[in-house]
Amino acid sequence: MKRITFRRGFTDRMYYYNFIAVHVIVGAVVLLTALSGILGITDMSALAAIPPCAYAELGMHTGFVVWKAKVENCRKNKDIGRLESLESEE
């Protein structure tokens with residue numbers, strides 16, 4: 001896995017690390033929720049907001065990566081009309 005991660009560009013590496021971090025955080029929330037009876041935690045309402053926010057952030061990051069790839073492909077293929085429309089969406 002290390003070879004795959006470090007051959008990629010900076011944005012791809014950040015997306016990979018973000019993907020892993022979000023799933024680790026959500027897994028920790030699920031584990032803490034499952035063990036709340038054993039640990040004696042009564043109020044779990046604060047943890048209920050973490051998974052939707054984490055996946056929303058991952059979704060925004062995914063959208064950024066897709067938009068960036070579109071713009072790079074338009075620049076590479078010299079598609080000026082499409083490039084101008086994509087850059088005006090900023």
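Taking CZ of F19 as the reference point, atom CG of L58 lies at 6.5 Å (rounded to 0.5 Å). Atoms CZ and CG, on R13 and N18 in that order, are 14.5 Å from each other to the nearest 0.5 Å. The structure places NZ of K68 at 14.0 Å from OH of Y15, a figure rounded to the nearest 0.5 Å. To the nearest 0.5 Å, the span separating OG1 on T11 from NE2 on H61 amounts to 7.0 Å.
Through chains of ILVMFWY side-chain contacts below 4.5 Å, F10 is grouped with M14.
For V24, the side-chain contact (heavy atoms from CB on, under 4.5 Å) partners two or more places apart in sequence, or in a different chain, are I20. In terms of the side-chain contact (heavy atoms from CB on, under 4.5 Å) criterion, residue partners of D12 (sequence neighbours excluded) are, by chain and number, R8. Judged as a ring pair (Phe, Tyr, Trp, His ring centres under 6.0 Å), and not counting sequence neighbours, the contacts of Y55 are H23.
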Donor-acceptor contacts under 3.5 Å from residues 27-40 side chains, at least two apart:
| residue | atom | partner | partner atom | Å |
| --- | --- | --- | --- | --- |
| T33 | OG1 | V29 | O | 2.7 |
| S36 | OG | T33 | O | 2.9 |

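Placement of F64 and Y17 within a single hydrophobic cluster is found when ILVMFWY residues are connected by side-chain heavy-atom separations under 4.5 Å, directly or transitively. Linking ILVMFWY side-chain heavy atoms closer than 4.5 Å, directly or via other members, places V65 and V71 in a single hydrophobic cluster.
Listed by first and then second residue, the side-chain hydrogen bond (donor to acceptor under 3.5 Å, both in side chains) pairs involving residues 43-52 are D43-S45 (not counting sequence neighbours).
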